[in-house]
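Notes to accompany the following structure.
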Amino acid sequence: MLAHEPGVWQPFAGGTDLMVLLEAGKLSHTSYVNIWDLPELRGIEVSSEHVSMGALTTYTEVQSHPILREEFSMLCRAAQETGGLAIQNRGTLGGNIVNASPAADSPPALLAYDAEIELVSINGNRRVPYQSFHTGYKQTVMRADELLSRVHLPRTTREATQYYRKVGTRKAQAISKVCFAGLARTKDGTVDDIRLALGSIAPVPFRCLKTESVLRGAKLDENNFEKAKLELSREISPIDDIRSTKNYRLTVSVNLLADFLSKLA
Ligand SMILES: Cc1cc2nc3c(=O)[nH]c(=O)nc-3n(C[C@H](O)[C@H](O)[C@H](O)COP(=O)(O)OP(=O)(O)OC[C@H]3O[C@@H](n4cnc5c(N)ncnc54)[C@H](O)[C@@H]3O)c2cc1C
């Protein structure tokens with residue numbers, strides 16, 4: 001159906017984003033394909049190199065998977081802080097990614113993990129680095145005849161420190177004002193590798209490549225922390241909107257970086 005009438009049919013997974021739009025009278029489509037029962041989009045598979053999660057993996061399933069809990073704590077934390085229990089039982093990772101809200105909570109973790117997105121159509125499968133999946137506000141590289149089928153996470157986190165913080169108005173059922181994910185490996189007091197990502201501060205989930213490059217190879221000392229904080233405040237340019245202000249988002253982002261770095265040190 002997606003292939004024969006691209007753009008006419010819209011996939012419907014957990015419906016937790018779509019139902020809100022329906023209630024608000026904002027749904028542009030009238031034809032939906034229920035993908036909830038497609039077994040190919042389900043299941044969490046583990047190989048020596050990767051963890052591969054079906055697009056229909058729910059937040060509850062993320063939180064209860066032993067390997068994800070052990071190696072991908074940021075994703076588990078994001079799942080734990082997404083909505084309430086009903087949303088966690090029904091909302092899917094695939095829906096969160098394709099819905100493409102810049103304020104979504106799993107994308108910063110997926111960016112920091114260097115996740116890969118697998119897309120499927122009747123012409124076959126293709127893989128896209130998650131970092132290049134979002135092309136603009138609510139825009140992605142996914143075509144109308146494609147489904148997101150799986151999310152692949154490289155199992156490279158075992159020696160790394162992971163840090164995830166969602167900052168909202170309250171502790172549950174809140175949309176993020178800022179969401180921070182940081183992953184780093186250190187060696188002899190020096191940053192060996194670091195990946196930093198933020199949500200709610202740009203039109204797309206944002207990987208802070210410039211700040212990372214200031215820190216990569218740097219000694220874990222106050223001087224370098226100050227340089228990194230300065231670079232982050234130059235690299236991001238959040239906006240004022242209904243949920244927060246530019247200044248608040250900027251200050252919180254820099255504070256979260258400082259907190260992460262102090263924990264690394
Ligand atoms: C009360 C409430 C609280 C919430 N709290 C949070 C929160 O704290 N953090 C957060 O990030 N989000 C939150 N959300 C948003 C929502 O729950 C998540 O984005 C969820 O992951 C969406 O998944 P879904 O399966 O329900 O998506 P759906 O609503 O089914 O679909 C969302 C979009 O993705 C498309 N889609 C879904 N799956 C696929 C696929 N496999 N291939 C191609 N296209 C697909 C659909 O066509 C649609 O455009 C909340 C929502 C509600 C109602």
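Computed from a predicted model, the values in this text were never measured in an experiment. As the structure lists them, so they are numbered: ligands from 1, and atoms in each ligand from 1. Residue numbers run from 1 in the order of the sequence given.
The protein heavy-atom contact nearest to atom 49 (O) of ligand 1 is Gln10 NE2, 2.7 Å. Nearest non-hydrogen protein atom to atom 38 (N) of ligand 1 is Ala13 CB, 3.5 Å. Here the protein heavy atom with the shortest distance to atom 12 (N) of ligand 1 is Asn96 ND2, 3.7 Å. Given atom 52 (C) of ligand 1, the protein heavy atom at minimum distance is Ile87 CD1, 3.5 Å. Protein heavy atom nearest atom 25 (O) of ligand 1, with residue, atom name and distance: Thr92 OG1, 2.6 Å. When hydrogens are left out, the protein atom nearest atom 46 (C) of ligand 1 is Pro11 O, 3.1 Å; that is the closest non-hydrogen contact. Scanning all protein heavy atoms for the shortest distance to atom 20 (C) of ligand 1 gives Thr16 OG1, 3.4 Å. The protein heavy atom nearest to atom 1 (C) of ligand 1 is Gln173 OE1, 3.6 Å.
Ligand 1 lies less than 4.0 angstrom from a heavy atom belonging to Ala174. Contact annotation: Tyr32 has no heavy atom less than 4.0 Å from any atom of ligand 1.
Taking any N or O of Gly83, backbone or side chain, at least one lies under 3.5 Å from an N or O belonging to ligand 1. The N/O atoms of Leu18, backbone and side chain alike, include one that comes under 3.5 Å of an N/O atom in ligand 1.
Around atom 30 (O) of ligand 1, the closest heavy atom drawn from Gly95, Pro107, Gly15 belongs to Gly15. The closest non-hydrogen atom to atom 44 (N) of ligand 1, taken over Asn99, Thr57, Val98, comes from Val98. With atom 11 (O) of ligand 1 as the reference point, the heavy atom nearest to it among Leu119, Asp105, Leu148 is part of Asp105. Scanning Val20, Asp17, Thr82 for the heavy atom closest to atom 18 (C) of ligand 1 points to Asp17.
Annotation: cation-pi geometry not satisfied between Lys263 and Tyr163 (NZ/CZ under 6.0 angstrom from ring centroid, within 45° of ring axis).
Counting non-hydrogen atoms of other residues, nucleotides and ligands closer than 6.0 Å to CD of Glu49 gives a total of 12 or fewer. The number of heavy atoms from other shown groups lying within 6.0 Å of NZ (Lys138) is above 12. Residue-environment remark: CE (Met19) stays at or below the threshold of 12 foreign heavy atoms within 6.0 Å.
When side chains are defined from C-beta on, Leu183 counts as touching Thr157, because their heavy atoms get closer than 4.5 Å. Within the 4.5 Å cutoff, the side chain of Leu209 has heavy atoms near those of the Gln131 side chain.
For Phe180 and Tyr164, the distance between ring centers is not under 6.0 angstrom.
Heavy atoms of Glu23 found under 4.0 angstrom from ligand 1: none, in either backbone or side chain. Contacts between Leu93 and ligand 1, counted as non-hydrogen atom pairs separated by less than 4.0 Å, are absent for every part of the residue. Residue-level proximity to ligand 1 for Ala55 is carried by the side chain, the only part with a heavy atom below 4.0 angstrom. Within the 4.0 Å heavy-atom criterion, both parts of Leu147, backbone and side chain, lie near ligand 1. If you look at Ala78 next to ligand 1, there are no close heavy atoms at all, none under 4.0 Å. Neither the backbone nor the side chain of Met19 comes within 4.0 Å of ligand 1, counting heavy atoms alone.
The line from CG of Leu153 to CE of Met53 is 4.0 Å long, rounded to the nearest 0.5 Å. Once rounded to the nearest 0.5 Å, the distance linking CG of Leu250 with OG of Ser237 reads 8.5 Å.
In this structure, Asp192 does not pair ionically with Lys187, as no charged nitrogen and carboxylate oxygen lie closer than 4.0 Å. Classification of Arg126 and Glu146 as a salt-bridged pair holds, one side-chain N sitting under 4.0 Å from a carboxylate O.
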Query - Full working for salt bridge (charged side-chain N to carboxylate O under 4.0 Å, His left out) between Glu212 and Arg207 - result: CA-CA 9 Å; Glu212 288 176 11; Arg207 175 95 180 256; 2.6 Å; yes

Query raised in the report: Would Ser106 and Thr82 count as a side chain to side chain contact (heavy atoms under 4.5 Å, CB included) if you check the C-alpha gap in whole Å, the side-chain angles of each, and the deciding distance to 0.1 Å?
Result: CA-CA 8 Å; Ser106 57; Thr82 292; over 6 Å; no

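Taking the six-membered ring where tryptophan is involved, the planes of Phe72 and Tyr113 are perpendicular, since the angle between them exceeds 60° and thus also 30°.
Each of the atoms 18 (C), 20 (C), 21 (O) of ligand 1 lies under 4.0 Å from some heavy atom of Tyr59.
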